[in-house]
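These numbers were taken from a predicted model, which means no experiment stands behind them. Throughout, a chain's letter reflects where its sequence line sits, starting with A, and its residues are numbered from 1.
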Protein chains: 2
Amino acid sequence: MTRETGRGRGSATPRSVDVARLAGVSQKTVSRVFNDEPYVSADVRRRVLEAAEQLGYRLNNAARALASGRTRSIGVVTLGTALYGPASLLMGVERVVRDTGYALRVVNTMEGDPAGLAGAVDSLLDQGVDGIVISEPIDEEGVDGQSSLRLDVPVLVLGAPSPVTAPTVLTAGDGADLMARTATEHLLALGHVTVHHLAGPQRWYAARDRLKGWRATLADHDREIPPVAEGDWSAGSGYRAGRALAENGDVTAVFAANDDMAIGLIRALTEAGRRVPEDVSVVGFDDIPVAAYVTPPLTTVRQPFDTVAQEGLKRLVHTIENPDAEPLPPSAPPVDLIVRTSTAPPPSRTPPARGRRTASRPRGGTHRPSLPNGGPSPRS
Amino acid sequence: MTRETGRGRGSATPRSVDVARLAGVSQKTVSRVFNDEPYVSADVRRRVLEAAEQLGYRLNNAARALASGRTRSIGVVTLGTALYGPASLLMGVERVVRDTGYALRVVNTMEGDPAGLAGAVDSLLDQGVDGIVISEPIDEEGVDGQSSLRLDVPVLVLGAPSPVTAPTVLTAGDGADLMARTATEHLLALGHVTVHHLAGPQRWYAARDRLKGWRATLADHDREIPPVAEGDWSAGSGYRAGRALAENGDVTAVFAANDDMAIGLIRALTEAGRRVPEDVSVVGFDDIPVAAYVTPPLTTVRQPFDTVAQEGLKRLVHTIENPDAEPLPPSAPPVDLIVRTSTAPPPSRTPPARGRRTASRPRGGTHRPSLPNGGPSPRS
DNA sequence: GTGAAAGCGCTAACAC
DNA sequence: GTGTTAGCGCTTTCAC
């Protein structure tokens with residue numbers, strides 16, 4: 001049986017028997033060495049390693065997976081966008097996965113994908129994975145109702161309640177509502193009577209959580225809850241929402257569900273002659289890399305992507321390796337509000353503390369961008 | 001031999017023999033059906049499919065890989081950043097890989113990673129992949145010299161010359177210098193005497209290519225080649241470079257190697273009282289999502305990430321599946337300059353065509369941001 | 001501490 | 001068109 005897979009005379013890919021022969025041990029012993037099993041004498045171990053090195057041997061992963069029933073890989077379902085949030089999360093996941101000795105398989109769910117999440121998970125299951133990470137799932141109408149996707153490997157859901165049924169379902173990074181509260185509180189503390197919200201697409205759990213946090217905060221303070229504008233995360237949608245908001249003279253503070261929309265929003269406000277932050281304060285969400293350098297530097301909530309990924313995966317791997325043990329408890333990620341210069345007390349009102357700021361000028365008049373003294377402060 | 005892998009009475013994971021038994025055919029026939037092999041009667045095929053469905057059968061990928069010697073998966077080495085370019089490329093790659101029926105394995109090379117590219121590739125090889133995509137590699141000093149990383153699966157390198165030796169090495173998306181030329185030409189055509197360059201980190205091939213294209217263009221036009229500022233892709237580094245450039249009154253046009261740096265740069269210029277584009281024109285690179293909404297909307301070069309990924313992978317898959325055939329020829333990706341409002345003719349000079357623009361005003365004076373009529377144009 | 005034997009679930013070659 | 005026979009390169013069990 002001549003296989004294409006390089007069965008040429010000397011250049012064949014070596015197998016563990018070859019290493020065993022060269023080292024003068026049994027094949028099983030080679031296996032022991034490569035699996036770091038105990039009960040191998042130091043001397044034998046060294047000889048095996050040398051032989052392996054000499055032959056250029058590497059363990060065959062497929063054979064290993066077949067024999068052991070474990071693939072040592074984790075699959076992640078992403079949204080297939082280069083949006084800062086999802087992309088950062090994915091990179092965080094990769095880092096941890098590799099550190100824990102697993103391989104990473106990646107599959108997208110494009111929005112509008114007919115198969116959607118179910119298709120993505122299925123493809124992962126076909127490939128063979130020991131655990132699955134679902135990053136920032138969106139709510140897929142219809143699909144949800146009929147079959148709540150049932151699978152038999154542990155699952156970690158990032159940034160949302162779980163849309164699946166599995167033996168173990170872990171969640172992490174679902175603290176968005178708390179962060180939204182912090183953002184809203186910040187605006188309220190500056191003296192704004194109420195805060196408007198430019199929400200993300202409500203199919204995203206992440207967007208819903210932020211909205212929920214915002215609304216709860218206003219309710220807690222007995223403030224009026226203004227109608228919500230909904231964008232699609234893009235700066236363009238923020239811009240369009242901003243044009244509408246600019247016409248409403250009552251708007252003095254807006255909490256945008258991400259930085260891109262905040263930037264579009266600010267542009268629309270500025271074009272309409274509403275100064276930021278003198279007339280209108282804006283808070284973003286994410287702390288994208290350019291947030292500190294746009295005009296004006298954006299006050300925003302930094303998401304702890306790395307922490308979330310790390311903590312979530314630690315728990316997932318623990319569950320994979322100790323299927324019968326209690327899952328590790330979750331821990332709350334830190335909330336990190338970065339105050340820059342896109343927020344200020346509302347016009348012509350006495351702020352709660354310190355001295356008062358510029359009074360408002362006629363709308364649509366000449367204006368210049370607010371240039372903070374000393375330049376932007378990239379980190380806090 | 002009781003395996004943990006669910007060998008419980010009825011709920012055991014079914015194997016192809018089980019399907020065969022139920023369908024009343026041989027195990028090999030089941031295999032045929034699942035591999036879409038010819039010579040299976042429609043009737044048998046249907047019976048097999050039904051039996052499989054009933055049992056909830058799914059092909060075991062590990063066994064398949066072991067028996068066939070092919071893993072049907074492609075590995076990609078990324079940089080582990082959420083930077084727009086690399087992230088977009090990765091998403092593009094995922095999309096195509098899945099479309100072609102392969103699975104995707106992802107590994108990062110963190111900058112500063114001791115193992116670096118070699119380690120990443122090695123890990124992919126351990127996992128077993130039929131081909132490797134190296135996305136935007138950076139030049140790893142030292143490593144390069146001694147061992148030019150030799151591997152025996154076909155490789156596709158995105159956005160750089162190949163740092164590895166393999167039976168087949170394909171490249172795609174290495175047209176950055178052409179795009180840089182277009183950006184530079186644009187500025188020259190507006191009437192600028194010369195163009196400064198804010199380069200990316202020179203360890204990145206992508207950064208070098210852009211620099212090369214810029215320099216070549218100036219040389220072609222017999223223009224003075226100003227000293228190069230080097231950033232690290234971040235808005236912060238652009239800001240720092242911008243502070244220095246702002247002090248040089250001769251600077252009227254800058255080509256930044258990415259949009260983030262361009263945004264930082266613009267901020268620094270603006271703070272220093274140099275208006276963009278009236279005093280200084282700035283061109284970015286990438287066309288990040290917010291580029292159209294920053295102030296002023298950024299003229300930039302759009303990178304065709306999807307096209308590059310798609311075209312490159314088509315060629316890679318072709319090579320994997322037809323190892324002996326000629327590799328498919330590369331095709332040049334389109335160059336897409338998006339002109340917005342961060343570029344204009346230089347101050348107090350007659351532009352080559354059309355009417356003249358605003359004369360320069362005293363530096364450091366009052367100024368307002370350039371607000372384009374009708375708002376930003378997100379696409380072209 | 002080490003080895004022998006028996007699969008893991010599939011695909012490859014060839015016979016029918 | 002379909003079945004038979006051998007493995008693919010490991011891990012597992014159990015004997016020594």
Q.
Does C/dC8 have its OP1 or OP2 closer than 4.0 Å to a side-chain nitrogen or oxygen of B/Asn60?
A. no

Q: Using atom CZ of A/Arg64 as one end and atom C1' of C/dG9 as the other, report the distance to the nearest whole Å.
A: 18 Å

Q. At under 4.0 Å, does any side-chain N or O of B/Ser41 touch on OP1 or OP2 of D/dT2?
A. yes

Q | Side chain of A/Ser68 (C-beta onward), nearest among C/dT2, D/dG3, D/dT11 | A | D/dT11

**Q.** Residue met sooner reading DNA chain C from 5', once A/Gln27 and A/Pro38 are mapped to nucleotides
**A.** A/Pro38

Q) Is the backbone N or O of B/Gly80 less than 3.5 Å from a side-chain atom of A/Arg95, with the two atoms forming a donor-acceptor pair by type? A) yes

Q: Respond yes when some side-chain nitrogen or oxygen of B/Ser31 is under 4.0 Å from OP1 or OP2 of C/dT11, and no when none is.
A: yes

**Q.** Basic-acidic side-chain contact under 4.0 Å: B/Asp43, B/Arg47
**A.** yes

Q) What integer distance in Å separates A/Tyr39:OH from C/dT2:C1'? A) 13 Å

Q.
Can you tell me which nucleotide in D/dT2, D/dG9, C/dG3 comes closest to the side chain of A/Arg32?
A. C/dG3

**Q.** Atom-pair distance (CG on A/Leu66; P on C/dA6), nearest Å
**A.** 18 Å

Q. Is A/Asn322 reaching over with its side chain to a backbone N or O of A/Thr319, donor-acceptor style, under 3.5 angstrom?
A. no

**Q.** 5′-ward residue of the pair B/Val44/A/Glu37 relative to DNA chain D
**A.** B/Val44

Q: Figure out the CD/P separation between B/Gln127 and D/dG9, and round it to whole Å.
A: 19 Å

**Q.** Spacing between B/Asn61 atom CG and C/dC10 atom P, to the nearest angstrom
**A.** 10 Å

Q) Is the phosphate of C/dG3, meaning OP1 or OP2, less than 4.0 Å from a side-chain N or O of A/Thr29? A) yes

Q) Rounding to a whole Å, what distance do you find between A/Arg15:CZ and D/dG7:P? A) 12 Å

Q. With sugar-phosphate meaning primed atoms plus P, OP1 and OP2, does B/Val25 contact a base, only sugar-phosphate, or nothing at under 4.0 Å between heavy atoms?
A. sugar-phosphate

(Q) Measuring only between side-chain heavy atoms, which start at C-beta, is B/Asn60 closer than 4.5 Å to A/Leu66? (A) yes

(Q) Could you tell me how far apart B/Arg70 (CZ) and C/dG9 (C1') are, to the nearest whole angstrom? (A) 18 Å

Q. Think A/Ser16 has a side-chain N or O under 4.0 angstrom from the OP1 or OP2 of D/dC10?
A. yes

Q.
From CG of A/Asp43 over to P of C/dG1, roughly how many Å is that when rounded to an integer?
A. 13 Å

Q. So what does A/Phe34 hit on the nucleic acid, given a heavy-atom distance under 4.0 Å: a base, only sugar-phosphate, or nothing?
A. nothing

Q: Find which nucleotide of DNA chain D each of A/Arg72 and B/Ala63 is nearest to by heavy atoms, and output the residue with the more 5' nucleotide.
A: B/Ala63

Q. Does any non-hydrogen side-chain atom of B/Val157 lie less than 4.5 Å from one of B/Pro163?
A. yes

